[in-house]
A.B. asks: 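I have a structure here, written as structure tokens, and I will follow up with some questions on it.
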Amino acid sequence: MSDFRYELGDDGVAVLTWDMPDRSMNVMTRDAFAELDGMIDRALADEAVKGIVIASAKKDFAGGMDLGVLSRIREEAGEAPARALFDFTMEGHRILRKIERAGMDDKNKGGKPVACAISGTCAGIGTEIALACHRRFMAEGKAKIGLPEIMVGLFPGGGGTTRYSRMVGAMAASPVLLEGKMLEPAKARGASLVDEVVAPGELLSRAREWVLSATDADLVKPWDQKGWKMPGGEPYHPAGFMTFVGASAMVNGRTKGNYPAARALLSAVYEGALVPFDTALRIEARWFVSVLMEPSSTAMIRSLFLNKQALEKGANRPEAPDQRVSKVGVMGAGMMGAGIAYVAANAGIDVVLIDREQAAADRGRAYSEGLLDKGIKRKKVTEDKKAEVLGRINATTEYEALSGCDLVVEAVFEDPGIKAEVTKAVEAAAGADCIFATNTSTLPISDLAKASERPGQFIGIHFFSPVDKMMLVEIIKGAATGDRAVAKALDFVRQIRKTPIVVNDARFFYANRCIIPYINEGMRMLGEGVSPALIENAAKNLGFPLGPLQLVDETSIDLGVKIAKATRAAMGDAYPDGAVDEVLFAMADEGRMGRKSNAGFYAYGEDGSRHGLWEGLGSRFPAAADQPEVTRVQHRLMMAQVLEAVRAFEEGVLEDIREGDVGAILGWGFAPWSGGPFSWLDMLGAARAVEICETLEAAHGARFATPPMLGEMARSGGAFYARYGDGARADAA
């Protein structure tokens, strides 16, 4: 089946329509590129063709390159993957350069105009195709256009880096190239990503009209004209020099040297600006391939694109009929319940939001109103959309309103007694087929399910706060949870456009099981006399968005105290974190409960702004005279999390390492450059990981003991993705 359609109109305009079969959005593949190339040749060779329009038959123009293509090229290339990737990249440059030159001779004469009609969203290679065209038309609406490759560990390698930086200059190109910003039509026109914004119904006709009126001068790109100079100054021009110095400082400041794509992009722009355009494309291709060959980029692509996409498509969904939710009940209208109600209503699901008092239920609904009002101010939401979403939320105290709900999500206090009462009341009011989900971050699902008359329909759904912003949802199977409940939870998460992972029931499940040791290790080091600035900066230089002390402040110290007390009560003499409690409880005794109280490990202004580490930490927890090497601090922080991820996999709590990696990045910001804990271990090598574990265990105790599975891999020379990368379940260590 064809990916493009070729239609020559009576007016002499050849329309190449991108319409990939069996795909909701166009993505570029090797076959599609070859087909586009052939159709361009056909149009340029046909004297009846006066010009070309490239368009899409779908709602959106294109979603970018199918990154699986790049992975397959590497796999099929044997011992020369870099050469294979370079040849593929240069073939793409050849095709886009053909579009750009469109049959012009050496004197820039005789070419055929090529316009791009951009409907809906346009990203990655779709935008690079558009930039190669002579004029770009984009339909009005909520769609966006951009080059977001940097967000998955790449940079625009299909000519987008060279073309766009030469169009607007290195400084003006930075938000699109280095930050991956996707722009709405009006802003895209201001940024020169598109030339005209037109009504959707006029998109194709306006592109045709321009093609028929274009002159030779309209077809010559600035860099193909004699005497062209780089906007904003070339690297050795005083203005350009300062641009690149500033850009280099900005990249290193933001990435801490962890993300090779940003450095490579800047190098491609800098070096490309010194040479002719076609040479610049080769430079861009070489830097692009160098990034593709970087282990961290490979890991990011795998986790943030391939694995994430597979999980969102239901890679681990049990066999069950379609379980999409039509009406959901949300029990508890606090911040978490209100957030769940909002994302569900915003996804088109009818919501019953219940609380004990009508005023509380109304406040929960008002939370959605506030978010929608912010969207209106940013021109991302219309008044009609606001009314539509709010119209789906029925805020009430009446359990009878749950009639017809096929899913109920309980989000009341973390108290087993209260949750049991709500479970019984919901099951009495909802239909017998309704799935009951409890939103909890710590309480065992199997224990909570004892209050249910239908434990096979009882499941855990752990949302992360704030619900509207956090992309991960952790689905927890209890001992009796059935397949339909799992399928219902997965289909619901897909409806609200979030990424699910499915784990088995155990204390703290997966995400909190890994993040709590990170937090605890930071507090433990503080108690040992390690400088708080060293702890926090060591974490940030690893690529974590928040140091462990700041993360405690954000989640609240009193919550930490509550979890510590509950864990100590459950574990008794086996409880390992007494040294952590000394720090945590001391902060609580000081009344420093974190950001919510404007006082924690950090100091805060009256407006809640963070002003740096609290000066009192030095007297409360005096720094030792001898401070550890930053690498030792980083090893402790990294291994505290990574070893728990391995143990969770060994024990069968985590069933798929892909979920472990994606969940770590999306759930608590685990060093995205690493691809997640299992990818990081593969990058590091099991043997080296065991060496680090043995050193840490000797100095700091059994929490750093090597898990049997990791030890076996070190002995056999194995790796997690080589053994389990296809989603295979954990074997016995």
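We use all heavy atoms of the structure for the numbers below, so side chains are in, but hydrogens, waters and symmetry mates are not. Residues take their numbers from the sequence shown, with the count starting at 1.
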A.B. asks: State plainly whether the residues E75 and R72 are in salt-bridge range, i.e. N to O under 4.0 Å.
C.D. replies: no

A.B. asks: Once you measure the plane-to-plane angle for W210 and H134, does it fall in the parallel (<30°), tilted (30-60°) or perpendicular (>60°) bin?
C.D. replies: tilted

A.B. asks: For the CZ atom of R263 and the CD atom of E294, what is their distance to the nearest 0.5 Å?
C.D. replies: 7.0 Å

A.B. asks: Would you say the side chains of S303 and R658 form a donor-acceptor pair under 3.5 Å?
C.D. replies: no

A.B. asks: Applying salt bridge (Lys or Arg N to Asp or Glu O under 4.0 Å), run through D87 and R83 and close with a yes or a no.
C.D. replies: CA-CA 6 Å; D87 290 345; R83 167 54 65 182; 3.1 Å; yes

A.B. asks: Would the number of heavy atoms belonging to other residues, nucleotides or ligands and lying under 6.0 Å from NZ of K221 be above 12?
C.D. replies: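 Counting other residues, nucleotides and ligands, NZ of K221 exceeds 12 neighbours.
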
A.B. asks: If you draw a 6.0 Å radius around CD in E629, do more than 12 non-hydrogen atoms from other residues or ligands fall strictly inside?
C.D. replies: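 No, the 6.0 Å shell around CD holds no more than 12 heavy atoms from other groups.
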
A.B. asks: Taking atom NZ as the centre, does K540 end up with more than 12 heavy-atom neighbours from other residues, nucleotides or ligands that are less than 6.0 angstrom away?
C.D. replies: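 Yes, because the 6.0 Å sphere around NZ of K540 holds more than 12 heavy atoms from other groups.
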
A.B. asks: Is the backbone of A170 close enough, under 3.5 Å, to the side chain of S174 for a donor and an acceptor to pair up by distance?
C.D. replies: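 Pair found, side chain donor or acceptor close to backbone of A170.
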
A.B. asks: Let's go through V642 and F670 carefully: what are the C-alpha distance in whole Å and the side-chain angles of both, what is the deciding distance for side chain to side chain contact (heavy atoms under 4.5 Å, CB included) to 0.1 Å, and is it a yes or a no?
C.D. replies: CA-CA 10 Å; V642 168; F670 182 94; 3.7 Å; yes

A.B. asks: Can you name the nearest heavy-atom pair linking S119 to K58, along with the distance?
C.D. replies: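 That closest heavy-atom pairing would be OG-O, 3.4 Å.
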
A.B. asks: Tell me whether R97 is salt-bridged to D278, with the criterion being a basic N under 4.0 Å from an acidic carboxylate O.
C.D. replies: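 Result for this pair is yes, salt bridge flagged.
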
A.B. asks: Any donor-acceptor pair under 3.5 Å linking the side chain of R74 with the backbone of G78?
C.D. replies: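 Not at all, since once roles are kept as given, no pair shorter than 3.5 Å links the two residues.
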
A.B. asks: Flag the pair D37 and K98 as a salt bridge only when some basic side-chain nitrogen lies within less than 4.0 angstrom of an acidic carboxylate oxygen.
C.D. replies: yes

A.B. asks: Closest heavy-atom contact between M471 and L666?
C.D. replies: CB-CD1, 4.3 Å

A.B. asks: Could you walk me through whether R610 and D553 pass salt bridge (Lys or Arg N to Asp or Glu O under 4.0 Å), step by step?
C.D. replies: CA-CA 10 Å; R610 193 173 60 256; D553 273 7; over 6 Å; no

A.B. asks: Side chains of S531 and Q627: donor-acceptor distance under 3.5 Å anywhere?
C.D. replies: no

A.B. asks: Would a distance-only check, ignoring hydrogens and angles, find a side-chain to backbone donor-acceptor pair under 3.5 Å from N537 to A533?
C.D. replies: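 Answer holds: yes.
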
A.B. asks: Tell me yes or no: between the side chains of S679 and D661, is some donor less than 3.5 Å from an acceptor?
C.D. replies: yes

A.B. asks: Look at atom CE of M151 and say whether more than 12 heavy atoms of other residues, nucleotides or ligands are closer to it than 6.0 Å.
C.D. replies: no

A.B. asks: Stepwise, does the side chain to side chain contact (heavy atoms under 4.5 Å, CB included) test hold for L546 with E554?
C.D. replies: CA-CA 9 Å; L546 303 179; E554 295 294 333; 4.0 Å; yes

A.B. asks: How are the rings of F678 and F720 set to each other: parallel, tilted or perpendicular (split at 30° and 60°)?
C.D. replies: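 It falls in the perpendicular class, over 60°.
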
A.B. asks: Do we get R595 above Y602's six-membered ring, with its NZ or CZ under 6.0 Å from the centre and within 45° of the axis?
C.D. replies: no

A.B. asks: To the nearest 0.5 angstrom, please state how far the CG atom of L637 sits from the CD atom of E536.
C.D. replies: 9.0 Å

A.B. asks: Could you pull out the closest heavy-atom pair between T127 and L193, with the gap in Å?
C.D. replies: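 Distance-wise, the nearest heavy atoms are CG2-CD2, 4.3 Å.
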
A.B. asks: Kindly determine whether E128 and R163 satisfy salt bridge (Lys or Arg N to Asp or Glu O under 4.0 Å), including the steps that lead there.
C.D. replies: CA-CA 8 Å; E128 291 176 305; R163 284 190 175 85; over 6 Å; no

A.B. asks: Any chance the side chains of D607 and S609 put a donor and an acceptor closer than 3.5 Å?
C.D. replies: yes

A.B. asks: Indicate yes or no for a side-chain donor-acceptor contact from D66 to the backbone of T29 under 3.5 Å, with no hydrogens or angles considered.
C.D. replies: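 Checked: no pair found.
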
A.B. asks: Evaluate the criterion side chain to side chain contact (heavy atoms under 4.5 Å, CB included) for residue pair M300 and V152; output intermediate values, then yes/no.
C.D. replies: CA-CA 6 Å; M300 284 184 72; V152 291; 5.7 Å; no

A.B. asks: Roughly how far, to the nearest 0.5 Å, is CD1 of I150 from CG of L154?
C.D. replies: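 That separation rounds to 8.0 Å.
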
A.B. asks: Carefully, step by step, assess L16 and I40 under the rule side chain to side chain contact (heavy atoms under 4.5 Å, CB included).
C.D. replies: CA-CA 9 Å; L16 313 187; I40 293 294; 3.7 Å; yes

A.B. asks: Is the gap between the ring centers of Y518 and F544 under 6.0 Å?
C.D. replies: yes

